[in-house]
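Structure, as structure tokens:
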Amino acid sequence: MSATPFAPLTLGTAAMLTIAPLLWAGNAVVGRLAADWIPPMTFNFLRWLVALAILLPLAAWVLRRHSGLWQHWRRFALLGLLAIAGYNSLQYLALHTSTPINVTLVAASMPVWMLLIGRLFFGAAITRQALLGSALSLLGVLVVLTQGQVQRILELQLVPGDAWMLLATCTWALYSWLLTRRDEPAPIRADWSAFLMAQIIFGLFWSAALSAGEWVLWPAATGTPLPQIDWSWALLAVLVFVGLGPGVIAYRFWGEGVQRAGPTVAAFFSNLTPLLAALMSAALLREPPQAFHVAAFALIVAGIVVSSLRR
């Protein structure tokens with residue numbers, strides 16, 4: 001079968017593929033900013049509640065009895081668990097103890113987990129180029145975790161947030177592979193707003209359960225009550241941003257950009273996220289990037305380039 005032809009990269013397509021990583025970087029930065037205002041699981045639940053309210057006027061038809069949503073509820077429940085509840089909750093949990101720069105750089109190790117999960121559970125072949133690219137990406141992650149000091153490899157102790165982000169990255173890799181099966185009804189898959197809303201509907205149930213567990217289990221585990229939500233206009237603005245920007249707009253622009261330029265070209269743009277997060281952190285959180293962040297970013301980009309080259 002011949003490869004799907006993609007259009008040449010235009011300025012409009014490049015803008016779409018740049019706005020999505022920009023919004024995802026902003027999600028990491030404001031997630032760190034809001035870490036002291038609201039518990040992470042509750043934050044994720046409210047974020048997707050905002051996204052659902054935004055999508056209702058666009059895709060309310062998916063709630064109808066014969067839309068295909070309810071007949072395929074297991075499929076959407078699994079996707080919602082991994083992408084809406086799992087990945088995002090783990091990312092916000094990671095941001096309580098790690099920095100936006102570290103979180104986005106650790107997330108850039110995605111090629112490693114894509115290869116492993118694809119091989120173990122989906123029978124995907126692993127090429128030498130993919131192995132080399134993944135090795136470079138993994139080396140970049142090690143540079144972050146060791147802060148560029150080789151001797152720390154032997155005494156490496158993960159910051160809790162970095163470990164949570166590694167788990168989140170594995171969750172997203174599994175979610176991405178499940179998307180290749182295309183088991184959902186064609187009308188829902190063809191409509192980006194309906195497809196996202198179908199996942200959010202079930203993801204909200206999972207997120208609500210995680211949020212409830214957070215309020216119940218935290219006092220039992222720590223002996224102290226969970227910090228109360230610090231309601232303010234700033235928190236409300238953050239919730240609207242993460243619901244509308246990273247939750248809806250980024251998903252829409254990324255999907256359209258990939259369809260136009262293809263996933264190989266789009267992969268280069270996805271690696272803008274760590275760089276943009278570093279610049280935002282420097283400006284907003286006074287967490288300037290260090291030399292090891294630059295080295296890690298270069299290694300991760302090199303890994304993506306190598307693994308994307310044609311034979």
Side-chain angles (χ1 to χ4, degrees), residues 24 27-56 63 69-70 72-100 102-104 106-107 113 117 158-176 178 196-232 234-236 238-243 246-248 251:
W24 288 329
N27 183 49
V29 173
V30 300
R32 176 63 184 268
L33 187 66
D36 296 330
W37 301 342
I38 184 172
M41 304 300 174
T42 304
F43 182 47
N44 185 60
F45 172 71
L46 293 178
R47 172 222 180 152
W48 288 109
L49 201 60
V50 171
L52 179 65
I54 294 170
L55 288 173
L56 271 174
L63 296 174
L69 171 67
W70 309 113
H72 294 77
W73 69 270
R74 291 182 180 84
R75 164 76 169 170
F76 292 112
L78 178 58
L79 295 178
L81 172 63
L82 295 174
I84 305 301
Y87 176 80
N88 290 280
S89 294
L90 289 169
Q91 183 185 39
Y92 291 136
L93 184 61
L95 288 166
H96 271 250
T97 53
S98 189
T99 66
N102 274 32
V103 163
T104 52
V106 170
W113 313 114
I117 290 176
L158 290 175
V159 174
D162 296 334
W164 287 122
M165 198 59 214
L166 280 174
L167 180 58
T169 304
C170 293
T171 300
W172 188 262
L174 176 58
Y175 166 76
S176 300
L178 287 174
L196 178 57
M197 185 170 165
Q199 298 174 67
I200 292 176
I201 289 170
F202 289 98
L204 278 173
F205 284 104
W206 295 114
S207 298
L210 289 173
S211 179
E214 181 177 55
W215 287 92
V216 173
L217 297 178
W218 176 277
T222 64
T224 59
L226 192 69
Q228 297 297 309
I229 301 176
D230 184 12
W231 290 109
S232 65
L235 176 57
L236 291 176
V238 165
L239 285 171
V240 172
F241 168 73
V242 296
V248 176
Y251 188 98

Inset, instruction - Just say parallel, tilted or perpendicular for the rings of Phe76 and Phe202, cut-offs at 30° and 60°. - result: parallel
Inset, instruction - Please report the shortest heavy-atom distance between Ala198 and Leu69, naming the atom on each side. - result: CB-CD1, 3.5 Å
Legend entry - Spatial distance of atom OG1 (Thr171) from atom CD1 (Ile117) [nearest 0.5 Å]: 8.0 Å
Inset, instruction - State, yes or no, whether a side-chain contact exists between Arg47 and Tyr92 at a heavy-atom distance under 4.5 Å. - result: yes
Inset, instruction - Using a 4.5 Å cut-off on heavy atoms from C-beta on, say whether the side chain of Ser98 contacts that of Trp164. - result: no
Inset, instruction - Determine whether Leu239 and Leu49 make a side-chain contact, defined as any pair of heavy atoms from C-beta on separated by less than 4.5 Å. - result: no
Legend entry - Ala51 to Gly243 - nearest heavy-atom pair and separation: CB-O, 3.7 Å
Inset, instruction - Grab the two heavy atoms, one from Leu210 and one from Ser89, that are nearest each other, plus how far apart they are. - result: CD1-OG, 3.8 Å
Inset, instruction - Look up atom CG in Leu79 and atom CD1 in Ile84, then write down how far apart they are to the nearest 0.5 Å. - result: 9.0 Å
Legend entry - Validation row: Trp172, Thr169 side chains within 4.5 angstrom (heavy atoms): no
Inset, instruction - Could I get the full list of side-chain contact (heavy atoms from CB on, under 4.5 Å) partners for Val30, not counting sequence neighbours? - result: Val238, Phe241, Val242
Inset, instruction - Identify the residue among Asp230, Ile229, Leu33 that makes a side-chain contact (heavy atoms from CB on, under 4.5 Å) with Leu235. - result: Ile229
Inset, instruction - State, to 0.1 Å, how close Ala28 and Pro100 come at their nearest heavy-atom pair, and which atoms those are. - result: O-CG, 3.7 Å
Legend entry - From CG (Leu78) to CH2 (Trp73), nearest 0.5 Å: 10.5 Å
Legend entry - Contact summary for Ala94 and Gly161, nearest pair of heavy atoms: CB-O, 3.1 Å
Inset, instruction - Mark yes when over 12 heavy atoms from residues, nucleotides or ligands other than Trp37 sit less than 6.0 Å from its CH2; otherwise mark no. - result: yes
Legend entry - Spacing of OH belonging to Tyr87 relative to OG belonging to Ser176, to within rounding of 0.5 Å: 9.5 Å
Legend entry - Within-4.5 Å side-chain heavy-atom neighbours: Val103 and Arg32: no
Legend entry - Spacing of Leu55 atom CG and Ile201 atom CD1 [to the nearest 0.5 Å]: 9.5 Å
Inset, instruction - Could you note down all residue pairs passing side-chain hydrogen bond (donor to acceptor under 3.5 Å, both in side chains) where residues 198-214 supplies at least one of them, sequence neighbours left out? - result: Thr42-Ser211, Thr42-Glu214, Asn44-Ser207, Tyr175-Gln199
Inset, instruction - Search all heavy atoms of Trp24 against all heavy atoms of Pro246 and return the closest pair with its distance. - result: NE1-O, 3.8 Å
Legend entry - Minimum side-chain heavy-atom gap Leu204-Phe45 below 4.5 Å: yes
Inset, instruction - Mind checking the CE-CG spacing from Met165 to Leu93? Nearest 0.5 Å is all I need. - result: 11.0 Å
Inset, instruction - Report yes if the side chains of Leu81 and Phe205 come closer than 4.5 Å at any heavy-atom pair, otherwise no. - result: no
